[in-house]
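For this chain, numbers begin at 1 and follow the sequence in order. Just so we're clear, the structure is a prediction, and the values are computed from it rather than from any experiment.
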Amino acid sequence: MSGTQLRDPVQEFAYFLVCLTQRLEPSTGWYGVFVRRDPEGLRACLEGRDVPPWDVVESLLYDLSELPGEHAVSTASARARQLHAQAVAVHDARPGGRPALQERLQVMLREERRTAFRVRELEAALAVAGPREADRQAEDLAWARDDHLRAGARVGELRARLEALGRNEGRRQGKMRSRRRAKPPARPRGARFAGLEVPEEEAEDDTEAEWQVEPAAEEDESAPAPGPAAPRGARFAGAYGQDPMGDDEPAGGRAHPAPAPAAAEARRAAATAVARLAHLRATADGGLVYAELCAAASRPAHELPFLIEELERAGLASDVPTLLWEAACLPPAGLAAAADALAAAGRTEDGIQLLRQCVSRPVGEVAQAALALLERDRTAQALELLAALVRSRTPDEAAAAEAVAPDTLGPLLLAAAERVSPHRHSDIAHALRVAHR
């Protein structure tokens, strides 16, 4: 058996990292940034004592792609993803893994809030900066935004790892119970995952609850859900102050609120879903909680405000950012419908959070979402979405959104950039001129 085969997944991933970083220059690129910012943390990962967040791995792969003659980065990226998933599963399952993950999550939530405040502070400073200070302020703001995006990505990744750990622990406990009995435990009626093993007392509770959701595809139980280039999880929870969006009701008087019977039905459906979530939280099954939140985000858009309200009423407000994150991953039309419903319900902050999370998606999808918002007469929301795009992407990337519908999105991009800062408006205008040549 070779030395490679003898390594456990954490050591195997550390070996992969060592091989990767040996091809990089430690004084330049993202590798240079990590070496300067956190040499001890990087060393722990290279020695197999820890596993780095996925955003760090992704940045190192980006450095690799910038090297001349590198043509196999996509293969390396796929291999890295597989090794990383295996490594975190083994690392988290070690004694003390859950408390360590929970502590890291609290640290990163605080970091997400801190960096959000820093971004707002620098955006305000840049808006009034003179010509001399503008470049420095813009650079500081770019770094602050990167820090904020990374913090949000890590929050999502840590939540996914905790939920995967809960899933695996539940499966192991189920197998132990199966071995102690001569026959497998009863499966609750309406179970969402085929082959799911649960305690008999939970099966009885679930039979009474009558879960009213469709079965979901079974996931790979050995690995957490991939983070986003992004994370997955709530990236901008409470990160920004209230903007004046949602106040541009069309003169035609479109009736946004659902009729009373429909609203009552939506509230009942939301209450039922939240009751299921509360039950799952009580049983400490994080994997099913996350799956239930994903299912909730895919329900009819007019139910979303009621779901948030019921979560807050049930003391589950910490699940709202995850719900909004999953809604931000809906197809453009579904995303626009969700934003429309939140605006109609007066949940301005939630609408802003939803739209700002959306900009981690490909620029073309963001542009399609903006068009879908315009079709719903939500111009302010479309402007908010494009302003978030302008803030988080390079001018060339943001300007690429115009290509989806030049006559409509070109002027809207400029208006959104003007809301961000005069400096950013100038950058976007230049990028658009270059694109038209």
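Between E349 and R356, no side-chain nitrogen of the basic residue sits less than 4.0 Å from a carboxylate oxygen of the acidic one, so the salt-bridge criterion is not met. One finds no salt bridge joining E265 and R268 here, because no Lys/Arg side-chain nitrogen approaches an Asp/Glu carboxylate oxygen to under 4.0 Å. Salt bridge annotation for R145-E123: present, with a cationic side-chain nitrogen under 4.0 angstrom from a carboxylate oxygen. Ion pairing between E303 and R267 fails under the 4.0 Å rule for side-chain N and carboxylate O. Using a cut-off of 4.0 Å between Lys/Arg side-chain N and Asp/Glu carboxylate O, D319 and R159 are scored as not salt-bridged. The pair E309-R313 counts as a salt bridge, with a side-chain nitrogen and a carboxylate oxygen less than 4.0 angstrom apart.
A donor-acceptor pair under 3.5 Å is absent between the side-chain atoms of D92 and the main chain of L165, judged by distance alone. Panel note: side chain Q106, backbone E103; no donor-acceptor pair is recorded below 3.5 Å. At distances below 3.5 Å, at least one donor-acceptor pair connects side-chain atoms of E157 with backbone N or O atoms of W54. Formation of a donor-acceptor pair under 3.5 Å by the H84 side chain with backbone atoms of P52 is found in this model. In terms of modelled atom types and a separation under 3.5 Å, the side chain of T115 and the main chain of E112 share a donor-acceptor contact. Here the side chain of R393 pairs a donor or acceptor atom with the backbone of V359 at under 3.5 angstrom. Checked by atom type and distance alone, the side chain of Q357 pairs as donor or acceptor with a backbone atom of W325 at under 3.5 Å. Remark: side-chain polar atoms of H91 are not paired, donor with acceptor, to backbone N or O of D50 under 3.5 angstrom.
Side-chain contact between H425 and I428 is absent, with no heavy-atom pair separated by less than 4.5 Å. Between H279 and R276, every side-chain heavy-atom pair lies at or beyond the 4.5 Å cut-off. L122 has its side chain out of reach of F117: every pair of non-hydrogen atoms, C-beta onward, lies at least 4.5 Å apart. At a threshold of 4.5 Å between non-hydrogen side-chain atoms, the residues M108 and P53 do not count as touching. Using a 4.5 Å heavy-atom cutoff, the side chains of L126 and V420 are not in contact. L386 places a side-chain heavy atom less than 4.5 Å from the side chain of L389. L17 is listed as a side-chain neighbour of C45, based on a closest heavy-atom distance under 4.5 Å. Within the 4.5 Å cutoff, the side chain of E402 has no heavy atoms near those of the T408 side chain.
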Step by step, work out the side-chain contact (heavy atoms from CB on, under 4.5 Å) result for V390 and D427. CA-CA 10 Å; V390 166; D427 287 344; over 6 Å; no
Check step by step if side-chain contact (heavy atoms from CB on, under 4.5 Å) holds for Y62 and V57. CA-CA 9 Å; Y62 176 81; V57 183; over 6 Å; no
Apply the test side-chain contact (heavy atoms from CB on, under 4.5 Å) to residues L324 and I308: give CA-CA distance (whole Å), side-chain angles for both, the deciding distance (0.1 Å), then the verdict. CA-CA 9 Å; L324 290 174; I308 296 173; 4.0 Å; yes
Please evaluate residues D55 and R154 with respect to the criterion salt bridge (Lys or Arg N to Asp or Glu O under 4.0 Å), reporting the C-alpha separation (whole Å), side-chain torsions for both, the decisive distance (0.1 Å), and the verdict. CA-CA 8 Å; D55 70 276; R154 293 173 190 183; 2.8 Å; yes
Please report the C-alpha distance between L355 and L373 in whole Å, then the side-chain angles of each, then the deciding distance to 0.1 Å, and finally whether the side-chain contact (heavy atoms from CB on, under 4.5 Å) criterion is met. CA-CA 11 Å; L355 294 172; L373 285 166; 4.0 Å; yes
Begin with the C-alpha distance, continue with both residues' side-chain angles, and end with the deciding distance and a verdict on salt bridge (Lys or Arg N to Asp or Glu O under 4.0 Å) for E312 and R347. CA-CA 13 Å; E312 293 170 342; R347 300 199 71 98; 2.8 Å; yes
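Put simply, CG on L280 and CG on L316 are 10.5 Å apart, with the number rounded to the nearest 0.5 Å. Annotation: the span from Q102 atom CD to L158 atom CG amounts to 11.0 Å, rounded to 0.5 Å. Between the CG atom in D147 and the CZ atom in R114 there is a gap of 6.5 Å [rounded to 0.5 Å]. Atoms CD and OG1, from E66 and T28 in turn, are 10.5 Å apart once rounded to the nearest 0.5 Å. How far CZ of F34 is from OG1 of T21: 12.0 Å, rounded to the nearest 0.5 Å. Atoms CG and OG, from D146 and S392 in turn, are 11.5 Å apart once rounded to the nearest 0.5 Å.
When all heavy atoms of A382 and L412 are compared, the closest pair comes out as CB-CD2, 3.9 Å. Listed here is the closest heavy atom pair of A367 and A401: CB-O, 3.6 Å. Between A370 and L385, the shortest heavy-atom distance links the atoms N-CD2, 3.6 Å. The two residues A87 and F13 have their closest heavy-atom pair at CB-CB, 3.8 Å. Closest approach of A127 to P422, counting heavy atoms only: O-CD, 4.3 Å. The minimum heavy-atom distance linking A344 with R378 is given by the pair N-NH2, 3.5 Å.
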Using distance only, find each side-chain donor-acceptor pair of residues 129-141 under 3.5 Å and give its atom names and separation, not counting sequence neighbours.
none

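S59 and R150 share a side-chain donor-acceptor pair at under 3.5 Å.
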